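See below for the structure under consideration.
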Amino acid sequence: MAEQRRCPVHAAPGSEGLSSEKGRPLSDRAVAFDPFEGPYQVDPAEALRWARDDAPVFYSPKLGYWVVSRHDDIKAVFRDNLTFSPRIALEKMTPVSGEAQEALASYGYAMNRTLVNEDEPAHMERRRALLDHFLPENLLPRRERVRTLVRERMDALVDKGRADLVQEMLWEVPLTVALDFLGVPEDDMETLRRFSVAHTVNTWGRPTPEQQLEVAHSVGRFWQYAGKVLEKMRAEPDGPGWMHQAIRRNAEMPEVVTDSYLHSMMMAIIVAAHETTAHASANMFRTLLTHRDAWDDVCADPSLIPNAVEECLRYAGSVVAWRREATRPVELGGVRLPQGAKLLMVTASANQDDRHFEEAARFDIYRDNAVDHLTFGYGSHQCMGKNIARMEMRVFLEEFTRRLPHLRLEEQELTYLPNTSFRGPDQLWVKWDPARNPERTEPDLRAAHREFAVGAPDRRDIARRVRVTEVTREAEEVLSLGFAPVEGQRLPGWSPGAHVELCVGDYERKYSLCGAPGESGYRVAVLREAEGRGGSAHIHGHVRPGMELRLRGPHNLFRLDEAAEDYLLIAGGIGITPILAMADRLKALRRRYRLHYAGRSRRSMAFLDRLARDHGAALTLHPADEGARMRLPDFVTALPRDGQIYACGPARLLSALEELTAEHPEGTLHVEHFAAAGGGPDPAIERPFTAELADSGLEVEVGAGETLLEAIRAKGVDVSSDCCEGLCGSCEVPVLEGEIDHRDMVLTRAERARNDRMMACCSRARGSRIRLAL
Ligand code: HEM
Ligand code: FES
């Protein structure tokens with residue numbers, strides 16, 4: 001059924017008389033919103049599609065919360081933990097009855113601040129004091145233990161032919177790993193699991209009054225259990241694991257790592273570390289087994305596993321909503337929020353926001369910005385255990401795809417614990433034919449496996465398979481290549497300005513998409529560069545129709561803003577490719593545009609026939625050998641003040657345009673460069689500097705021989721990247737203080753002058769320090 005679109009401001013029929021906290025009329029959907037039942041429990045992202053489109057921030061009278069649904073808004077809230085305090089993160093969603101309160105009190109229950117719900121400056125001091133164990137280099141040795149645990153359980157079930165994955169693998173391994181990591185002696189696991197469920201219902205659920213009492217007793221017992229464990233651990237202060245470290249820190253700095261923190265954290269972390277990962281893993285198996293092509297691809301190519309895990313965390317994460325409270329009146333998503341406004345940020349909705357992810361509702365393990373999901377939160381409170389969870393999920397997937405590639409999901413009705421924030425099925429039944437287990441004929445398979453680095457996925461592994469359908473000569477030294485998906489797959493849609501990265505032999509090269517409107521598959525054009533590094537010559541020499549290649553993307557960093565009325569399109573040489581796609585789009589939109597295309601000679605200029613046919617009226621060619629030079633100042637002068645310029649070509653063309661538009665309004669000129677200035681940092685020339693990450697509270701030392709991006713990632717902070725040579729803009733980081741030495745080709749002169757952002761893959765600090773909003 002088509003979604004009805006309604007104005008977010010005006011009242012919907014039936015909502016007369018109802019108002020939000022500030023008197024704003026409410027739509028009937030806002031009034032009906034109930035996260036404990038109905039569509040939200042089935043699919044939280046889909047349940048809030050209407051909100052993302054029409055009311056990105058709305059007040060829910062049933063909850064007493066403002067619901068936030070878009071990626072950018074939620075990220076902005078996570079980033080600003082002074083305006084949006086995390087203090088309500090573990091508050092009970094449903095007020096506790098007097099009887100339940102009494103029951104809790106009888107156990108001495110006094111759950112208080114941990115990390116996740118602590119305000120600054122206490123939070124950051126504590127987080128820093130407790131960070132070491134989570135650093136990638138300190139997590140690496142744990143990988144073997146995870147593998148052993150998974151193998152033991154796998155051996156026990158591999159010949160059975162049927163299993164409930166949750167019961168037989170997915171909750172017990174994360175719980176054991178969590179207890180190991182914490183240094184807590186393994187105990188009655190089943191009881192701990194029941195405690196965890198009670199804690200979830202108590203905090204994020206809507207128990208009935210009778211359930212409340214039962215839950216209160218379980219939570220009370222959990223609290224006492226946590227206290228006893230803590231006492232036992234205090235008796236061995238030199239013990240291993242994160243909680244023992246916290247106990248030592250408590251002795252060293254009691255005002256930072258407080259007694260109250262220790263007891264509350266002991267209880268909260270068992271849930272934070274195990275339930276989240278167990279649910280995320282169950283969601284992952286469910287998602288992959290219902291997208292069989294993706295599962296089969298992972299079976300065939302295990303290097304896809306880290307990104308498949310990341311896409312599962314995006315598409316079906318285990319934490320679907322998180323909370324903050326406004327500490328002052330503030331505007332968010334165009335809505336005025338009062339001081340004290342409680343926010344439910346539905347991260348599952350942000351993760352499927354089309355404004356951030358191309359075709360966001362589609363599950364695509366080749367998506368190269370899946371890592372931008374908000375399932376782990378973001379900023380100073382971002383999940384400290386994200387790399388433990390990733391590690392476990394990767395091992396699960398690696399073991400199952402290798403040893404049981406023929407695994408299937410059974411027909412079943414999945415049930416979920418009704419609550420706002422934690423999501424994963426109670427059971428997940430799978431089946432397979434043990435007679436077909438590959439290890440019966442290849443026993444070595446049992447032990448063979450692949451290891452992955454700790455941290456976010458390596459983008460070099462994110463590539464899809466395509467078939468070359470056509471190789472056509474478009475001009476002297478220019479070939480166009482057509483691609484179709486391999487059998488059973490579909491290529492995602494793309495927008496003008498998007499590029500893909502071709503992997504041919506040892507070469508990886510980026511090319512803009514330039515297929516004609518309505519053409520299926522992808523098309524790129526490749527100029528053989530005599531002075532290049534060999535990639536284009538290799539493509540010209542080796543790529544033939546019928547071949548299978550790998551390709552990354554599409555990814556768009558040269559987006560066409562469709563809001564203007566007038567456009568000037570300028571292409572130099574092979575820069576015609578993105579410009580051609582833009583011209584096609586502008587024509588379809590019936591916008592006014594002029595297209596100037598310069599080249600050495602007509603023989604060297606690609607797509608001339610198509611350009612003449614489709615854009616003849618707007619087109620002017622400038623072949624240099626005919627003396628037809630471009631008069632850029634005239635073109636720029638002729639453009640109305642609110643017009644936009646899109647240009648792709650050699651650096652001198654783009655710099656000339658930059659100079660000519662220096663006084664134009666922001667956003668007039670959009671450029672895409674061909675090539676970067678070159679290589680990584682040379683330690684003989686560069687100087688080290690310190691980067692302070694304001695959101696994460698970290699200090700990062702950037703050595704003379706490494707990039708800022710590398711140094712930030714080594715601290716476990718995820719930053720997207722693409723080209724890693726200052727061309728694409730995907731590694732942009734906001735700068736708060738410190739002078740920047742810009743080395744990229746992305747920012748315009750005016751943007752550089754503002755000194756408020758930099759490309760982490762190549763640019764550096766001019767002085768010894770720089771402060772970033774990360
Ligand atoms: C915080 C999700 C696994 C430890 C968080 C937050 C979320 C989250 C949403 C709050 C972030 C924010 O406020 O910005 C998840 C998910 C997991 C997972 C989805 C699994 C898939 C783990 C594991 C551990 C862990 C395995 C530990 C072993 C923590 C800690 C914090 C945290 C200590 C508090 C950080 C702070 O406030 O500074 N997690 N988590 N988590 N998580 Fe996780
Ligand atoms: Fe492309 Fe840095 S990753 S500019």
Side-chain angles (χ1 to χ4, degrees), residues 74-75 77-79 81 84-86 89-90 113-120 123-124 126-128 130-131 133-134 139 142 174-175 177-182 241-243 246 265 268-284 309-310 312-313 316-324 345 347-348 373-393 421-424 459 510 555 557 673 676 695-697 707-709 719-733 742-747 758-763:
I74 294 183
K75 194 164 171 181
V77 173
F78 273 130
R79 285 203 55 228
N81 58 358
F84 300 102
S85 159
L90 300 181
R113 301 291 181 101
T114 60
L115 274 169
V116 83
N117 57 350
E118 182 63 277
D119 277 313
E120 302 306 343
H123 160 259
M124 205 31 99
R126 194 175 296 156
R127 182 169 165 132
R128 267 206 294 266
L130 300 171
L131 191 65
H133 276 64
F134 288 100
L139 291 180
R142 301 201 167 267
L175 182 51
V177 172
L179 296 180
D180 254 18
F181 175 79
L182 301 175
W242 191 57
M243 281 309 292
M265 192 55 160
I269 191 68
I270 291 174
V271 183
H274 122 253
E275 226 182 53
T276 49
T277 314
H279 284 334
S281 306
N283 293 342
M284 169 177 78
V309 166
E310 215 63 29
C312 288
L313 285 164
S318 52
V319 174
V320 296
W322 210 244
R323 286 179 286 169
R324 291 287 189 262
M345 302 177 287
T347 44
H373 67 75
L374 298 175
T375 302
F376 291 131
Y378 176 79
S380 61
H381 286 269
Q382 194 188 37
C383 178
M384 291 169 88
K386 64 185 175 180
N387 288 328
I388 303 179
R390 282 173 170 148
M391 182 191 285
E392 291 181 59
M393 292 170 75
S421 298
F422 285 63
R423 185 173 166 81
R459 63 172 306 282
K510 295 191 175 63
H555 202 172
L557 297 160
H673 283 265
D695 292 356
S696 330
T707 65
L708 173 61
L709 182 67
V719 175
S720 308
S721 70
D722 186 358
C723 68
C724 287
E725 49 184 340
L727 285 174
C728 71
S730 52
C731 64
E732 179 180 307
V733 294
H742 290 287
R743 313 268 181 95
D744 66 280
M745 311 279 270
V746 179
L747 298 177
M758 70 193 286
M759 299 305 143
C761 69
C762 58
S763 299

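From a predicted model like this one, the values you see are computed outputs, not experimental measurements. Whatever order the structure lists them in is the order used to number ligands and atoms, beginning at 1.
Contact check for Ile388 versus Thr277: no side-chain heavy atoms found under the 4.5 Å cut-off. The side-chain heavy atoms of Asp695 and Phe78, taken from C-beta on, include no pair separated by under 4.5 Å. Counting heavy atoms from C-beta outward, Leu708 and Met758 have side chains that approach closer than 4.5 Å. Using a 4.5 Å cut-off on side-chain heavy atoms (C-beta onward), Arg390 and Glu310 make contact. Taking 4.5 Å as the limit, some side-chain heavy atom of Ser763 sits within range of a side-chain heavy atom of Asp744. Counting heavy atoms from C-beta outward, His123 and Pro86 have side chains that stay 4.5 Å or more apart.
Atoms of ligand 1 lying under 4.0 Å from any heavy atom of Met265, numbered from 1 in the order shown and given with element: 33 (C). Atoms of ligand 1 found under 4.0 Å from any heavy atom of Ala280 (numbered from 1 in listed order, with element): 21 (C). Close approach to Gln382 involves these atoms of ligand 1, each under 4.0 Å from a residue heavy atom: 14 (O). Atoms of ligand 1 lying under 4.0 Å from at least one heavy atom of Tyr378, given by number and element, are 14 (O). The distance from ligand 1 to the heavy atoms of Leu115 drops below 4.0 Å at these ligand atoms: 36 (C), 37 (O). Each of the atoms 2 (C), 9 (C), 19 (C) of ligand 1 lies under 4.0 Å from some heavy atom of Val319. Annotation for ligand 1: atoms under 4.0 Å from non-hydrogen atoms of Thr277 are 3 (C), 20 (C), 26 (C). Close approach of ligand 2 to Cys761 (heavy-atom distance below 4.0 Å) involves ligand atoms 2 (Fe), 3 (S), 4 (S). Shown in contact with Gly726 at under 4.0 Å from a heavy atom are these atoms of ligand 2, numbered in order with element: 4 (S).
With Asn117 contributing its side chain and Ala89 its backbone, the two residues share no donor-acceptor pair below 3.5 Å. Checked by atom type and distance alone, the side chain of His381 pairs as donor or acceptor with a backbone atom of Leu115 at under 3.5 Å. Without hydrogens or angle criteria, Ser318 side chain to Thr276 main chain gives a donor-acceptor distance under 3.5 Å. Using modelled atom types, one side-chain atom of Asn283 and one backbone atom of Arg423 make a donor-acceptor pair closer than 3.5 Å. The main-chain N or O of Gly697 is never found under 3.5 Å from a side-chain atom of Arg127 such that the two would form a donor-acceptor pair. The main-chain N or O of Ile74 is never found under 3.5 Å from a side-chain atom of Arg324 such that the two would form a donor-acceptor pair.
Looking from atom 1 (Fe) of ligand 2 to the surrounding protein, the closest heavy atom is Cys728 SG, 2.2 Å. Protein heavy atom closest to atom 31 (C) of ligand 1, with residue, atom name and distance, is Met384 N, 4.0 Å. Closest protein heavy atom to atom 24 (C) of ligand 1: Gly385 CA, 3.4 Å. If you check which protein heavy atom lies closest to atom 17 (C) of ligand 1, you get Thr276 CB, 3.3 Å. The single protein non-hydrogen atom nearest to atom 4 (S) of ligand 2 is Gly729 N, 3.3 Å, given as residue, atom name and distance.
Residue-level proximity to ligand 1 for Ile388 is carried by the side chain, the only part with a heavy atom below 4.0 angstrom. Residue contacts with ligand 1, taken as heavy atom pairs separated by less than 4.0 Å, involve Arg127 solely via side-chain atoms from C-beta onward. At a 4.0 Å heavy-atom cut-off, ligand 1 does not touch Arg128 at all. Of all the heavy atoms of Trp322, the ones lying under 4.0 Å from any atom of ligand 1 belong exclusively to the side chain. By the criterion of a heavy-atom distance under 4.0 Å, the side chain of Phe78, and not its backbone, is placed next to ligand 1.
At least one heavy atom of Ser318 lies less than 4.0 angstrom from ligand 1.
Below 3.5 Å of separation, one finds an N or O of His381 facing an N or O of ligand 1. Checking only distances, Arg324 does come within under 3.5 Å of ligand 1, N or O to N or O. Of the polar atoms of Lys386, none of the N or O atoms is found under 3.5 Å from an N or O of ligand 1, judged by distance alone.
By heavy-atom distance, the residue among Cys312, Ala273, Ser380, Cys383 lying nearest atom 8 (C) of ligand 1 is Cys383. Remark: among candidates His123, Glu118, His133, the nearest residue to atom 38 (O) of ligand 1 is His123, based on non-hydrogen atoms. Comparing heavy-atom distances from atom 9 (C) of ligand 1 across Val177, Thr375, Thr114 singles out Thr375 as nearest. Of the listed residues (Ala272, Ala389, Pro174), the one carrying the non-hydrogen atom nearest atom 22 (C) of ligand 1 is Ala272.
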Next item on the list: Tell me, with the steps shown, if Glu120 and Asn81 meet side chain to side chain contact (heavy atoms under 4.5 Å, CB included).
Entry: CA-CA 8 Å; Glu120 302 306 343; Asn81 58 358; 3.0 Å; yes
Next item on the list: In sequence, state the C-alpha distance, the side-chain angles, and the governing distance for Met124 and Ser380, and then conclude on side chain to side chain contact (heavy atoms under 4.5 Å, CB included).
Entry: CA-CA 7 Å; Met124 205 31 99; Ser380 61; 3.2 Å; yes
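Here the closest heavy-atom approach between residue Leu313 and residue Thr375 is recorded as O-OG1, 2.7 Å.
Residue Cys731: an N/O/S atom is found under 2.8 Å from atom 2 (Fe) of ligand 2.
Below 30°, between 30° and 60°, or above 60°: for Phe134 and Phe181 the angle between ring planes is between 30° and 60°, a tilted geometry.
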